[in-house]
Structure formats: C-alpha cells, structure tokens
Amino acid sequence: MPNPTIEQVYGEYTQDHRELMELVERIRERHGIDGLAPLLEKLHGLLIRHFAREHFPGGLYECMGAYGSHHHEELKILVREHCVILSAVRGLLDHTLVAGSQDEPGMLSEVAEVVAQLRDHEQREHALAEKLMASERGKAT
C-alpha cells in the first residue's frame, strides 16, 4: 500500500483546524474573564489531542518531514511552538481560575497574545503544507 500523500494527510486535520479556530475566535471575542476558564480548558484539551495527532507516526509532521531535510528546521520550530503554546494556554487557565477583577486587563492582554501566537502558528503550518502540496501537484503533472 503506497504512503498517503500530504494532501490526504493534511485533509484529515481539516475538522480539527476548523474546530480549533472557531474556539480561538470565541476566546478572542471575550471582553472579560467571566466564563473564560471553561473555554481555555476546552482549548487546552483540543490542543493536546491535535498536537499529538500531528506528531504521531503517520501524522502530518512525519509526512511533511519526508519532503526533505530542507524543511526540518521549519518543522522543528513548529514542534517547539506546540510546547510553548500548550504551556501558555495551561498557564492562562491556571491564572484565570484564581484571577480577580483587578487581574482582568492583564489576563485579557495575555489571552490576546496567546491567541495571536496560535493563529500565527497555524497559518505558518498551513503555508508549509500548501507549499508541499503544490510541489507534489507539480511532480504529478
């Protein structure tokens, strides 16, 4: 059985990415910290599952890594960001659970920063996958 293409593997993550970005948007739109903890808890759980799937054998990162060592540095950065983002979301969640109204402006600023990091990460991951899919399509013609 032939190895799946990058397009097939990346397609398996479409629903994950959509669900993550919808939740990120809900978090980004918050104007206060009331009700933020359950959203951050859900985000943390989704990220653990999503990042693990990307790292599993046969996952997106293994597939992208097979396109040559010239992509490995970019992949290393993306993998490192998974750890940073997960840690940041967990820290936000923990902080939110004990935060008072005086902490709200700082918390909302931190949330905006982490959301921006996650969105940027996902965009760069998508751009790399798109570049690899385009190169694969070019080989097929």
Side-chain angles (χ1 to χ4, degrees), residues 1-140:
M1 179 179 214
N3 289 335
T5 66
I6 181 72
E7 208 150 346
Q8 291 167 328
V9 171
Y10 189 70
E12 294 173 12
Y13 296 88
T14 302
Q15 183 58 34
D16 273 9
H17 287 128
R18 186 177 305 120
E19 189 177 349
L20 268 173
M21 290 302 103
E22 286 172 1
L23 181 55
V24 164
E25 192 58 27
R26 285 178 55 204
I27 291 169
R28 192 187 67 74
E29 291 174 346
R30 303 228 31 111
H31 298 291
I33 59 173
D34 286 341
L36 185 59
L39 295 174
L40 290 172
E41 190 167 6
K42 183 175 182 178
L43 178 62
H44 189 254
L46 284 175
L47 288 172
I48 289 171
R49 187 190 77 205
H50 176 69
F51 291 162
R53 283 188 64 221
E54 288 182 335
H55 291 265
F56 280 153
L60 181 62
Y61 281 43
E62 181 180 69
C63 186
M64 290 194 297
Y67 279 81
S69 61
H70 52 284
H71 299 292
H72 289 182
E73 191 57 37
E74 196 171 354
L75 287 170
K76 280 186 207 175
I77 291 167
L78 291 169
V79 167
R80 193 171 337 148
E81 288 175 352
H82 284 177
C83 297
V84 170
I85 291 166
L86 261 180
S87 179
V89 171
R90 183 69 221 186
L92 279 173
L93 173 57
D94 291 346
H95 192 193
T96 302
L97 294 172
V98 297
S101 60
Q102 73 280 5
D103 301 313
E104 190 168 77
M107 286 293 307
L108 292 176
S109 177
E110 287 180 52
V111 167
E113 187 177 314
V114 171
V115 163
Q117 281 181 315
L118 179 56
R119 290 172 66 116
D120 179 62
H121 169 84
E122 290 296 320
Q123 287 171 348
R124 285 183 293 105
E125 185 179 85
H126 177 75
L128 177 57
E130 284 291 329
K131 180 168 57 174
L132 296 175
M133 286 186 279
S135 77
E136 192 169 86
R137 282 185 225 114
K139 288 179 188 174

Stepwise side chain to side chain contact (heavy atoms under 4.5 Å, CB included) check, Leu118 with Leu47
CA-CA 10 Å; Leu118 179 56; Leu47 288 172; 4.0 Å; yes
Which value, rounded to the nearest 0.5 Å, describes the distance between Leu23 atom CG and His44 atom NE2?
13.0 Å
Please round to the nearest 0.5 Å and tell me the distance separating atom CD of Glu81 and atom CD of Glu122.
10.0 Å
Given 3.5 Å as the limit, does a donor-acceptor pair link the side chain of Asp94 with the main chain of Gly91, or not?
no
Run the side chain to side chain contact (heavy atoms under 4.5 Å, CB included) check on Leu93 and Leu36 step by step: do they pass?
CA-CA 8 Å; Leu93 173 57; Leu36 185 59; over 6 Å; no
Is it the case that the side chains of His50 and Glu54 hold a donor-acceptor pair, with the cut-off being a distance below 3.5 Å and no angle test?
yes
The reported gap from CD1 in Ile33 to CG in Leu92 (rounded to nearest 0.5 angstrom) is 11.0 Å
More than 12 foreign heavy atoms under 6.0 Å from NE2 of His70: is that the case here?
yes
When rounded to the nearest 0.5 angstrom, what distance separates CE in Met64 from CG in Leu78?
6.5 Å
Report yes or no: does Thr14 contribute a side-chain atom to a donor-acceptor pair with the main-chain N or O of Gly11 at less than 3.5 Å?
yes
Considering non-hydrogen atoms only, spot the tightest contact between His31 and Glu104 and give its length.
O-OE1, 4.5 Å
May I have the step-by-step check of salt bridge (Lys or Arg N to Asp or Glu O under 4.0 Å) for Glu25 and Arg28, ending in yes or no?
CA-CA 5 Å; Glu25 192 58 27; Arg28 192 187 67 74; 2.5 Å; yes
Can you measure from CG (Leu43) to CG (Leu20) and round to the nearest 0.5 angstrom?
6.5 Å
Mind checking what makes ring-ring contact (aromatic ring centres under 6.0 Å, His included) contact with Tyr61, not counting sequence neighbours?
His55, His82
The test is side chain to side chain contact (heavy atoms under 4.5 Å, CB included); show your working for Leu128 and Leu75 and say whether it passes.
CA-CA 9 Å; Leu128 177 57; Leu75 287 170; 3.8 Å; yes
Here the gap from Lys131 atom NZ to Tyr67 atom OH, rounded to the nearest 0.5 Å, amounts to 13.0 Å
Min side-chain heavy-atom separation Val114-Ile27 under 4.5 Å
no
Looking at residues at least two apart in the chain, or sitting in another chain, which of them share a salt bridge (Lys or Arg N to Asp or Glu O under 4.0 Å) with Arg26?
none
Tyr10 and His126 side chains, donor-acceptor separation under 3.5 Å
yes
For His72, is there any backbone N or O sitting under 3.5 Å from a side-chain donor or acceptor partner on Ser69?
no
